[in-house]
Amino acid sequence: MGVSKNSSCLEALRAVVGDGAFALEPARVVAGGRLVTEVAPKNAEELSACLRALTAEGEAVLVEGAGTQMNYGNPVEGAATLLSCRHLSGVVEFDSADGVIQAGAGTPLRELAKVVATEGWLLPLDPPDRGGSLGGTLATAVSGPRERGLGPVRDAVLGLDTVLASGDRARCGARVVKNVTGYDMAKLYVGSLGTLGVIEKAWLRLKPVPASCRVVELEVPRTEGAFELALAAARRGSARGVGLRAGDANSLEGPGGSLRLVAEFAGEAPATEADAGWLLRGRTACAPAEGGMDAVRDLQGRPLPGGLRARVHVLPLRLAEAWQCLEGPGVELLAYPEPAVLHARFVPRSDGAEDFVWLDEVLGRLDAMRHSLGAEVVIDELPEAAPGDHDVFWGAANLGLMRALKDRFDPSRILNPGRFAGRI
Amino acid sequence: MSESQPLSASTTPSLLDRLAAIVGEDNCLSRPEELYTYGCDGLTLGSHAPSAVVLPADRDQVVAVVAACRKFERSFVPRGAGTGLSGGAVPMDGAVVIGLSRMVKIVEIDAENRIAVVQPGVVNAHLSEAIAHMGLFYAPDPSSQQACTIGGNVAENSGGPHTLKYGTTTNHVLSVEMVLPDASVVRLGSAAGFAPGYDLVGAVVGSEGTLGIVTEVTVRLVEIPEAVETMLAIFDDVSDACRLVGGIIRSGMVPAALEVVDRRTIRAVEASVYAAGLPTDAGAVLIIELDGAACEMQGLTDRIRELAAREGVRELRVARDAEERALFWRARKGAFGAMGRLAPDLYVHDAVVPRASLPEVLEEICAIGDRYHLTLSNVFHAGDGNLHPNISFDRRNSEELARVVAAGREMLELCVRVGGVLTGEHGVGMEKRDYMGLLFTPEDLEAMRKLRDAFNPDGICNPGKVIPMTRACTEANPRARGYDEVPL
Ligand SMILES: Cc1cc2nc3c(=O)[nH]c(=O)nc-3n(C[C@H](O)[C@H](O)[C@H](O)COP(=O)(O)OP(=O)(O)OC[C@H]3O[C@@H](n4cnc5c(N)ncnc54)[C@H](O)[C@@H]3O)c2cc1C
Ligand SMILES: Cc1cc2nc3c(=O)[nH]c(=O)nc-3n(C[C@H](O)[C@H](O)[C@H](O)COP(=O)(O)OP(=O)(O)OC[C@H]3O[C@@H](n4cnc5c(N)ncnc54)[C@H](O)[C@@H]3O)c2cc1C
C-alpha cells in the first residue's frame, strides 16, 4: 500500500470526521493487517460518509468494536484502515414495558446488561465479561453455555440499522417481537463478521430475569453415562445451560475417569427445585466451583496463546463420540449437550518452537470428524505463527451463493476482506 | 430488476409438452377449469390464472421443471396448500405454478436427536400427529395447520398462537434443500444447528418463495410439556384485556399463548356453529395458556389471577379438562369461519405493534372501521402484539371494496406510526408489496433486492412479490416481469 494512497485516504476521512480520523503511529498490527489509519465515526451520518469516502478511495477497512476478539476469523487482506465503532455507543431507547431495547453497536455489553437489569430484564447475550461491544457480539454470533435457555444470538435481534460499503444506510426489522415484513435481512448481517455491512445499532429482545436460579455440580464417572445424563439434564424444562468438562478444571489432563457436570436451572422456583432435585436424586453434589456457569462460559472464551481452540457442532447423540475423537494429553474439552457443541483447547507443544507437527495432527483429527460424524468445525484461535493458510471456517458449503451476496453488498470488497468463510 | 420482456399468457405448446413429459400427463394441468383454483390463494381479492400447473413427485422433477421453464423463459411460482393470505402463491404474469402437494413424505424422524426431515408438501399438523406418541411435537402452529404445508410455512416464516413462547418457523428450521432458479440444487444449513458462513437458512425462511423452491426441510422437534393450564379471562372492555397482556409480559411470565377475541367476534362466534358459551355482552375474552412443569402451574395461575383482578376482570375461568380447554379455544379457532358467515368475503389483516400500545391502537382501528362504515372485528395474537383486524365485505360491491382497501391502508399507517410493522405472519406477497415504502426507505429495499438477486438474479422465480419495483424500473420497463398489475 503506497504512502500517497494512505495519506489521500486519511485526508478524505478527515474531510468527513475531522479529528475522528488520524494516523496510527506506529502502525497497529492486528488480525493480519498493518493499519496506518484509524477512523472512529460518532454517528450514523459520519459512518455513512466514511464508507462512501472509503469506497471512492478503494480503501479496505478492518472493522472493530471493542477490539477484544480481533483474532477470530481469517486474516484481513489488504486493509490499512481501522474503522472503529466504539463511538457509536449508548442506549437509544429502552422500552421496559415491552422488554425491548435499542442501542448503538459500540455500546459495551456490560453497560447494556446493567441498564436492562434495573427494570428486571436480562440481556440474552452472554459472552465472557471482557468488555466486548454489542456490534462485535452480533457480528461474531458465538453462543455460550446458556444457549439452551437464552437462545442463539440471532434470536435476540429484532431489528438492525446497518451501513453498507456504498455508504447506504439500510434498516431491517423493527422494535416489535414478531415481524415478517420483507426479507429477514438481520439474519444475514448477524454472524457475518462485518463482511456484508457495518452494524450501527440494533433492537434487541430481552428476557425476564428468572425468579429462581439453581446450579448443580456433580462428578460423573464416564462409565455411568455422563453424556446421557448431561443431555437429559439439558432437556429438563427449566435447564438454562449444561456443561461437561474434564474432572479437574485446573488440570489439562483430566483424570479420564470422571467428568464434571455443571447444570443451571432457571425459572419458577418450583420448577428449578424439581429439576435440581431430579438431577441430584441418588447422587451427591460436589462443592460448586467458583463462578458456576459463568466459569464455564469464561473457560470457553479463554484465549490460548500459541495453541489451537476449535468449536465442533454435532448432533446431540454424537457428542460422546466427538469427545472420544479428541481427548488425550494436552487437550482440554468442554461440551454442551443441546445444542451440542464441543469446545476443544489444544495446548501448544513446545517440542521445538518451530515444530508444528502437533498442529497438523490436530487439524487432521478435526477434519476426520467432519466426515465421520457430520460435524461442523470452526477454529476459534489458531497459533499466530502457524504455517499454511487454513480457512478457520472449515469447509463452508455454498460459497457460490455466499460470494454472490458479498459481490452485491460489498462489490469492491472493502469490508473486512478475506476474514470470513471462504475468505470472502 | 428483470430485463426480460413479459410473457404472453398463452402457453407455449412445447413447454407444456415438456412439462407433461417430466411429471406425467395427470400431474400437468392446463385446462382453464383446472387452472382456476390456482389463480389465487387465501387472499381472494383478485385472481391471476397460471399458464399451467405442475405437480412434481420429487426433487429431480422440480429440477427438470425449473430447467424447462428457464429454457422457455417462463416464470414459475412455488405453491403449497394455497392458504397464504398475502397472494404469495399467485402467478403474476402467466407463470407456471409448481405445486408441492405431492411431496408429502416424512423422510426421517430422529426422536433422540429431536429432528425430523420432511418434504415440503407435508401438512403442518400431520408432522405433529406423526410424532405425538414419542412425546414430541412441531412447535409452529398456524391456525391453518390442518391444511397449510411446511414448505409454505418456511416461505412465510409462519407463526401461530404459541409463537409467544416457542417462536416462529425460523426458530425451528435447521436446514433446507432448495432448487435455485438456475435449476441447481443446494443444501443450506446443517442438522447440527450450525453451518460456517452466512446464515442462508435464516435468509431463506420468510423469503416467500422468491429465492427458489424448497424441496426438503430439516426441523427441530420439541418435547410435549408435562402440564397445560388454559384460562379464559372475560372483560367488559377490550382495553382491559390488552392491559392484562401488558401486565403479564411485564411480570416476566412467558405464557405459551395470549389470544384476544373481541366483542364483535364473540357475537359472530356465538351465533355460529362454533358457539362456545361466551357472554355476548362481554367486551373481549383473553385466552391465557401456560405450559411447563406441573409443579409450577399453581403459582403461575395464582399470579395471573392477581394481575387479572387488578385489570378488573369480570370472570376468570380455568379449564378443568381437555374438553373445556378445547371449548375455550373454539371461539378463537372458529373466529374466521364465524366471521365468514357475516358476509361473502373476509379480509384478514395482519400487522404488529409494540404490545404496550395495543389498547390505543385497537381503539383507533375500530374507529377507522367505523369511519369507513365497515364490519370490522378483531381476533389476535396479543402476546406478540400481532393484530388481525378482520373486515367482512362483499367484493362484488366495488364501492365497498374501495373502502376496505382505503381502511386497510389507514390501519397500516397507524401501526407504522407507533413503531409497528406491516405484517407479523401473513407476509407481504403481492398484497402489501406496494405498501413497503410506508416502512422502508429505497435504500432498505435495495438491500433486500441484493439478497433476492443473489439467489434469483433475473426474477424468474415468483416475480412481482415482496419488493416494490423502483421508479427507474417502472419507467424503463413498464411491464417488467410480474409487475403488470396488483389487484388491490
Ligand atoms: C461464552 C462465549 C465465548 C466466546 N468466545 C469467543 C472467542 O473465543 N472468540 C471470539 O471471537 N468470540 C467469542 N465470543 C463472541 C463474543 O461475544 C464476541 O467476540 C465479543 O463480544 C466481541 O466484542 P468486541 O466488541 O470486542 O468485538 P471485536 O473484537 O471488536 O470484533 C469482533 C469481530 O466483529 C467485527 N465487528 C465488530 N463490530 C462490528 C460492527 N459494529 N459491525 C460489523 N462488524 C463488527 C469485527 O470486524 C471483528 O471481526 C464468545 C461468546 C460467548 C457467549
Ligand atoms: C384460516 C387461516 C388461518 C391462518 N392462520 C395463520 C396463522 O395463525 N399464522 C400464520 O403464520 N399464517 C396463517 N395463515 C396463513 C397461511 O396459512 C400461512 O402463510 C401458511 O404458511 C401458508 O402455507 P401454504 O402451504 O398454504 O402455502 P401457499 O399459500 O401455497 O404459499 C405461500 C407462499 O409460500 C411459497 N411456497 C409454498 N411452498 C413453497 C416451497 N416448497 N418452496 C418455496 N416457496 C414455497 C409460495 O410461493 C407463497 O409465496 C392462515 C391462513 C388461513 C386461511
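Because the structure is a prediction, the values reported are computed rather than measured. Labels below follow one simple rule: chain letters A, B, ... track the order of the sequence lines, proteins then strands, and each chain is numbered from 1.
Residue A:Phe420 touches chain B through its side chain alone, counting heavy-atom pairs closer than 4.5 Å. In this structure, no portion of B:Val204 lies under 4.5 Å from any heavy atom of chain A. With a 4.5 angstrom heavy-atom cutoff, A:Leu164 touches chain B only via side-chain atoms. For B:Leu422, the parts lying near chain A are the backbone and the side chain together; criterion is any non-hydrogen pair under 4.5 Å. Looking at B:Met448, the atoms closer than 4.5 Å to chain A (heavy atoms on both sides) sit in the backbone and in the side chain alike. Contact of B:Thr170 with chain A is made through backbone and side chain together, with heavy-atom distances under 4.5 Å. For chain B, the nearby parts of A:Ser96 are the backbone and the side chain; heavy atoms of each come within less than 4.5 Å. When heavy atoms are compared at a cutoff of 4.5 Å, A:Thr195 approaches chain B by way of both its backbone and its side chain. Using a 4.5 Å cut-off between heavy atoms, B:Arg187 contacts chain A through its backbone alone, with no side-chain atom that close. Both the backbone and the side chain of B:Ile249 come within less than 4.5 Å of a heavy atom in chain A. Contacts of B:Val466 with chain A are made by side-chain atoms alone, with heavy-atom separations under 4.5 Å and no backbone atom involved. Using a 4.5 Å cut-off between heavy atoms, A:Ala274 contacts chain B through its side chain alone, with no backbone atom that close. Only the side chain of A:Ile424 comes within less than 4.5 Å of a heavy atom of chain B; its backbone N, CA, C and O stay farther away. Looking at A:Arg171, both its backbone and its side chain come within 4.5 Å of chain B, counting heavy atoms on both sides. With a 4.5 angstrom heavy-atom cutoff, B:Leu445 does not touch chain A via any of its atoms. Of the atoms belonging to B:Asn386, it is side-chain heavy atoms, and not backbone ones, that fall under 4.5 Å from chain A. Both the backbone and the side chain of B:Tyr198 come within less than 4.5 Å of a heavy atom of chain A. With a 4.5 angstrom heavy-atom cutoff, A:Val378 touches chain B only via side-chain atoms. For B:His426, the part lying near chain A is the backbone, with the side chain staying farther off; criterion is any non-hydrogen pair under 4.5 Å. At a 4.5 Å heavy-atom cutoff, the contact between A:Pro316 and chain B is made by backbone and side-chain atoms alike. Only the side chain of A:Trp121 comes within contact range of chain B, judged by heavy atoms closer than 4.5 Å.
Between chain B and the options A:Glu119, A:Arg154, A:Arg403, heavy-atom pairs under 4.5 Å are most frequent for A:Arg154. Per-residue counts of heavy-atom pairs under 4.5 Å with chain B were compared for A:Val100, A:Val180, A:Thr162; the largest is that of A:Val180. Counting heavy-atom pairs closer than 4.5 Å to chain A, the top residue among B:Ala294, B:Ala447, B:Ala356 is B:Ala447. Interface check for chain A: of the options B:Leu188, B:Thr441, B:Val201, the most heavy-atom pairs under 4.5 Å are formed by B:Leu188. For the options A:Arg175, A:Glu273, A:Lys207, heavy-atom pairs under 4.5 Å to chain B are most numerous at A:Arg175. Between chain B and the residues A:Asp184, A:Asn179, A:Asp168, the largest count of heavy-atom pairs under 4.5 Å involves A:Asn179. With respect to chain A, the highest number of heavy-atom pairs below 4.5 Å among B:Ile115, B:Asn171, B:Asp350 belongs to B:Asn171. Among the candidates A:Leu405, A:Leu401, A:Val190, the residue making the largest number of heavy-atom pairs closer than 4.5 Å to chain B is A:Leu401. Of the residues considered (B:Arg250, B:Met436, B:Glu446), B:Arg250 shows the highest number of contacts with chain A, using heavy-atom pairs under 4.5 Å. Interface check for chain A: of the options B:Glu296, B:Glu223, B:Glu112, B:Arg355, the most heavy-atom pairs under 4.5 Å are formed by B:Arg355. In terms of non-hydrogen atom pairs under 4.5 Å with chain A, the most contact-rich of B:Glu208, B:Arg303, B:Glu226 is B:Arg303. Contact count against chain B (heavy-atom pairs under 4.5 Å) is highest for A:Asp98 among A:Val177, A:Asp98, A:Asp155.
In this structure the side chain of A:Val392 never reaches within 4.5 angstrom of the side chain of A:Tyr72, judged on heavy atoms. At least one side-chain heavy atom of B:Leu290 sits under 4.5 Å from a side-chain heavy atom of B:Met297. Looking only at side-chain heavy atoms (C-beta outward), A:Ser166 and A:Arg52 stay at 4.5 Å or farther from each other. Residues A:Leu138 and A:Val157 are in side-chain contact: their nearest non-hydrogen atoms beyond the backbone lie under 4.5 Å apart. The side-chain heavy atoms of A:Val377 and A:Arg311, taken from C-beta on, include no pair separated by under 4.5 Å.
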message = Between B:Tyr166 and B:His172, does the ring pair (Phe, Tyr, Trp, His ring centres under 6.0 Å) criterion hold? Intermediate values first, please.
response = CA-CA 9 Å; B:Tyr166 292 97; B:His172 299 273; 7.3 Å; no
ask   = What do the steps show when you test B:Asp453 against B:Lys450 for salt bridge (charged side-chain N to carboxylate O under 4.0 Å, His left out), and what is the final call?
value = CA-CA 5 Å; B:Asp453 291 353; B:Lys450 289 179 201 296; over 6 Å; no
Worked check of side-chain hydrogen bond (donor to acceptor under 3.5 Å, both in side chains) between A:Ser212 and A:Thr272 = CA-CA 7 Å; A:Ser212 139; A:Thr272 60; 2.6 Å; yes
task = Evaluate salt bridge (charged side-chain N to carboxylate O under 4.0 Å, His left out) for A:Lys201 paired with A:Asp161, printing each intermediate quantity in order.
result = CA-CA 5 Å; A:Lys201 52 180 180 289; A:Asp161 282 29; 3.3 Å; yes
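A:Asp275 places no side-chain N or O within donor-acceptor distance of the main-chain N or O of A:Arg236, the cut-off being under 3.5 Å. Here the side chain of B:Asn462 pairs a donor or acceptor atom with the backbone of B:Gly88 at under 3.5 angstrom.
Residue B:Gly427 comes nearest to B:Glu156 through the heavy atom pair CA-OE1, 3.6 Å, listed as atom of the first residue, atom of the second, then distance. Among all heavy-atom pairs drawn from B:Ala351 and B:Cys415, the shortest one is CB-SG, 3.8 Å. Of all heavy-atom pairs spanning A:Met185 and A:Cys172, the tightest one is CB-CB, 3.6 Å. Smallest separation of non-hydrogen atoms from A:Ala421 and A:Asp391: C-OD2, 3.9 Å. Here the shortest heavy-atom pairing between B:Val428 and A:Gly182 reads CG2-N, 3.5 Å. Heavy-atom minimum distance, A:Val312 versus A:Ala375: CG1-CB, 3.7 Å.
B:Thr210 and A:Tyr183 share a side-chain donor-acceptor pair at under 3.5 Å.
Taking the ring axis of A:Phe393 as reference, the NZ or CZ atom of A:Arg419 does not stay both within 45° of it and closer than 6.0 Å to the ring centre.
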